[in-house]
Amino acid sequence: MKTIKNTLHKHHIHLYIGLYFILNLFTLTAFPLIHSDEAWLAGLTNDYIRHKTVFVSESFFDLMPRTVHTLKSFYHLLQIPIVQLLGNTAFSIRLLSLIAAVVALYFIYYLFISLRIHSIRALLYTIIFSLNLQFIYAGHFGRQEMILLMVLSLCLYLYYKNKSIFKMALLLGLSIGFHPNAFIITTMIGFILLKDSLAKTISLKHLLSFIGIVGGFAALHVAFTLLANPNFLPEYWAYGQTLHVDALPSSRLVNLKDFYLKLYYQVSGTYYIPPMQGLYITGGFLSAGTFIYGLSKKFTHTHKLIQLLMDASLMVFAFNMSVFVIGRFNTTSITFAILPVYLLILLALEIIYSFRDRFIRSFRFHGFKYLSYVLIVFLLLTSLQALRSEYQSSHHNTYTEYLDEIQNNIDADSVILGNLSSGFIFHDHKFYDIRNLSHINRNSKYPYDRTIEDYIKNRNIDTIIYYEEYDYIHRNQKWEILYGDDESWYNDLQVFLREEAKLVYEFESTYYGSRIIRFLGDHPWKVYIYKLN
């Protein structure tokens with residue numbers, strides 16, 4: 001019995017992570033709803049497989065400006081064996097994120113252990129973090145955020161365990177191949193190294209080697225990309241301008257403020273935003289207060305817990321500075337700030353616990369020793385309540401039903417003009433996304449696409465999947481950002497459908513007939529399938 005108890009105590013983190021992985025496998029496609037970004041990335045993975053090269057852009061975007069580069073190639077290369085083994089499904093695309101999530105939890109636990117936190121409390125803190133809705137969301141989402149968060153957690157573990165700066169630089173350099181947002185997590189780690197270099201706890205040589213290694217990886221990516229695509233830099237900048245990364249500093253400050261207001265009030269276009277108002281308020285006050293305290297102490301302290309607490313506030317500051325510099329305020333990027341915010345909260349609890357006797361003597365309040373337990377229970381109950389409400393509203397079979405409605409009513413050899421929200425069923429078809437239409441007559445590579453009719457006939461498109469959502473957006477132009485300016489195509493497409501096509505099927509999809517998240521679940525959005533005469 002004692003042997004079993006010792007084994008459980010020794011391997012409790014492995015048991016929890018195993019259980020966490022299995023439970024999340026069953027809910028992987030139930031929460032959140034499948035997003036068109038996931039079908040988009042899956043489509044590019046399939047283009048890698050089809051063309052046997054990383055130097056391709058999305059085949060379904062022929063008019064919409066895209067540029068060939070290697071800045072996301074590692075992500076797609078990791079996806080390829082999963083897709084080939086499990087098929088081109090939302091489950092297989094999301095699986096990589098879930099694997100990254102459990103690896104991140106493993107290193108977060110050992111980060112706490114490296115700080116000499118008792119293993120039971122380290123496990124408890126890891127469990128609390130693992131139940132955060134933004135963490136679960138990123139771990140269930142077929143995008144790159146969770147892989148970058150995994151790299152961030154591993155870098156923190158390596159630094160606080162034995163200051164492995166070379167390994168950190170190598171990991172961050174490699175992460176550039178997953179997504180350009182590697183800049184954000186590199187800045188967060190870089191600020192800690194800069195602070196420690198100024199405090200002379202690491203040498204300037206170490207800091208410069210870190211910058212050189214990460215910068216070298218970035219230069220290699222750009223160099224390899226330019227060999228295959230000499231127009232990469234102007235094309236990538238042109239794409240960035242469509243996302244307003246060229247905004248003036250004053251506009252960026254306004255955008256940063258709006259970024260947090262959207263998160264707080266859960267105002268979103270197509271991305272799910274979890275209800276975490278309490279976390280934003282608590283994290284905001286803690287990070288601001290700790291940052292000011294850190295400034296007064298020049299961000300140095302002999303106690304490891306307090307040092308990491310100050311470093312976490314510095315990471316929050318670095319996160320905000322990096323997104324300000326990039327100028328891209330995508331709500332999914334808050335995933336990177338969740339880790340330092342939770343470190344601030346959990347380390348504050350650990351400091352209360354570690355110094356409880358001193359606090360009791362100072363405040364003459366014997367109930368103080370129970371405060372950390374009360375706060376832990378509160379955090380757990382809050383997380384579980386949020387999880388329960390979200391999973392109760394999840395819909396396991398909705399996406400499958402939506403895809404079946406389309407797949408059962410198109411021919412096996414159809415050439416399709418449609419929407420990436422159903423992109424998982426189009427890898428065997430020639431498929432073009434609706435977003436191309438706003439670029440008719442604007443892409444010099446295709447001078448013969450002067451009208452909707454030209455575009456459709458030049459590609460032998462014989463099936464058009466049309467969404468009621470397009471009519472709503474035409475009446476409410478603030479949403480045209482989803483599919484581009486429809487002035488050049490909306491009216492012409494209506495005429496074309498009336499004169500050249502036949503409606504063969506229509507159905508309703510409350511959750512996938514529209515991408516606008518605030519309207520999901522409360523309107524029977526119609527989807528129409530047309531075939532050309």
Side-chain angles (χ1 to χ4, degrees), residues 34-47 56-69 72 142-143 235-236 238-245 268-271 328 330 332 406 414-427 429-446 449-459 461 463-494 496-497 509 512-517 519 525 527-530:
I34 310 300
H35 194 278
S36 64
D37 279 9
E38 299 174 277
W40 181 336
L41 291 169
L44 187 52
T45 296
N46 278 284
D47 283 329
V56 292
S57 61
E58 301 87 337
S59 57
F60 41 84
F61 289 139
D62 57 347
L63 292 189
M64 182 175 168
R66 305 300 297 158
T67 185
V68 171
H69 58 74
K72 300 177 185 178
R143 278 177 51 113
E235 287 176 355
Y236 201 63
Y239 171 69
Q241 287 177 308
T242 66
L243 304 174
H244 308 293
V245 300
S268 175
T270 64
Y271 295 111
R328 176 84 170 101
N330 191 321
T332 58
I406 294 174
S414 294
V415 180
I416 298 164
L417 174 64
N419 193 310
L420 265 174
S421 64
S422 53
F424 282 106
I425 59 175
F426 295 144
H427 60 282
H429 293 268
K430 280 193 175 180
F431 167 69
Y432 301 93
D433 185 71
I434 194 75
R435 278 169 272 203
N436 290 306
L437 301 187
S438 63
H439 300 280
I440 287 175
N441 252 341
R442 298 181 188 177
N443 193 324
S444 59
K445 294 180 182 178
Y446 297 92
D449 293 327
R450 296 184 297 273
T451 66
I452 286 284
E453 186 173 1
D454 291 338
Y455 181 84
I456 292 170
K457 291 187 175 178
N458 288 343
R459 288 155 184 77
I461 292 170
T463 304
I464 297 174
I465 303 173
Y466 187 90
Y467 291 70
E468 181 190 356
E469 178 192 35
Y470 304 154
D471 302 325
Y472 175 83
I473 292 174
H474 185 67
R475 298 191 303 269
N476 300 270
Q477 291 291 301
K478 68 178 181 179
W479 293 106
E480 69 177 9
I481 189 173
L482 298 186
Y483 301 107
D485 181 8
D486 68 8
E487 184 180 351
S488 62
W489 63 268
Y490 178 82
N491 291 326
D492 289 344
L493 184 57
Q494 309 305 312
F496 183 85
L497 291 175
S509 181
Y512 289 100
S514 172
R515 292 176 57 224
I516 304 171
I517 202 158
F519 301 138
W525 295 96
V527 181
Y528 307 93
I529 299 177
Y530 289 89

Nearest 0.5 Å, please: how far is CD1 in Ile461 from CZ in Phe431? 9.5 Å
Leu41: side-chain contact (heavy atoms from CB on, under 4.5 Å) partners, not counting sequence neighbours: Tyr75, His76, Arg143, Gln144
Would you please test Phe60 and Trp40 for side chain to side chain contact (heavy atoms under 4.5 Å, CB included) and show each step? CA-CA 9 Å; Phe60 41 84; Trp40 181 336; 3.8 Å; yes
Hey, what's the ring geometry for Phe519 with Trp525, parallel, tilted or perpendicular (30° and 60° as the breaks)? tilted
Apply the test side chain to side chain contact (heavy atoms under 4.5 Å, CB included) to residues Ile434 and Tyr467: give CA-CA distance (whole Å), side-chain angles for both, the deciding distance (0.1 Å), then the verdict. CA-CA 10 Å; Ile434 194 75; Tyr467 291 70; over 6 Å; no
Lys430 atom NZ, neighbour heavy-atom count above 12 within 6.0 Å: no
Whether the side chain of His35 engages the backbone of Thr270 through a donor-acceptor N/O pair (distance < 3.5 Å, no angle test) should be reported. yes
Any Thr451 side-chain heavy atom under 4.5 Å of Phe496 side chain: no
Do you know which two heavy atoms are closest between Pro65 and His439, and how far apart they sit? CD-CE1, 3.4 Å
Would you call the rings of Tyr466 and Tyr470 parallel, tilted or perpendicular if under 30° counts as parallel and over 60° as perpendicular? perpendicular
Show your reasoning for whether side chain to side chain contact (heavy atoms under 4.5 Å, CB included) applies to Ile456 and Ile464. CA-CA 9 Å; Ile456 292 170; Ile464 297 174; 3.8 Å; yes
Return the CG to CZ distance between Leu420 and Phe61, rounded to the nearest 0.5 Å. 5.0 Å
Which distance, rounded to the nearest 0.5 Å, do you find between the CD of Glu453 and the CD1 of Ile440? 11.0 Å
According to salt bridge (charged side-chain N to carboxylate O under 4.0 Å, His left out), who are the partners of Asp485, at least two apart in sequence or on a separate chain? Arg442
Nearest 0.5 Å, please: how far is CD1 in Ile416 from OG in Ser422? 8.0 Å
In this structure, are over 12 heavy atoms from other groups packed under 6.0 Å from Gln477 atom CD? yes
Rounded to the nearest 0.5 Å, what's the gap from CG on Leu63 to CG on Asp433? Could you check? 11.0 Å
Any Glu469 side-chain heavy atom under 4.5 Å of Trp479 side chain: no
Contact check, side chains of Ser438 and Tyr483, non-hydrogen atoms, under 4.5 Å: no
Check whether any side-chain N or O of Arg459 sits under 3.5 Å from a backbone N or O of Tyr455 as a donor-acceptor pair, and report yes or no. yes
Can you name the side-chain hydrogen bond (donor to acceptor under 3.5 Å, both in side chains) partners of Ser57, sequence neighbours left out? none
Can you find a side-chain donor-acceptor pair between Asn419 and Tyr512 that sits under 3.5 Å? no
Which of these, Ile452, Leu437, Asp471, sits in a side chain to side chain contact (heavy atoms under 4.5 Å, CB included) with Tyr490? Asp471
Would you give the length of the straight line joining atom CG of Asp492 to atom CD of Glu487, rounded to the nearest 0.5 angstrom? 10.5 Å
Could you go through the side chain to side chain contact (heavy atoms under 4.5 Å, CB included) check for Ser36 and Arg435 one step at a time? CA-CA 12 Å; Ser36 64; Arg435 278 169 272 203; 4.3 Å; yes
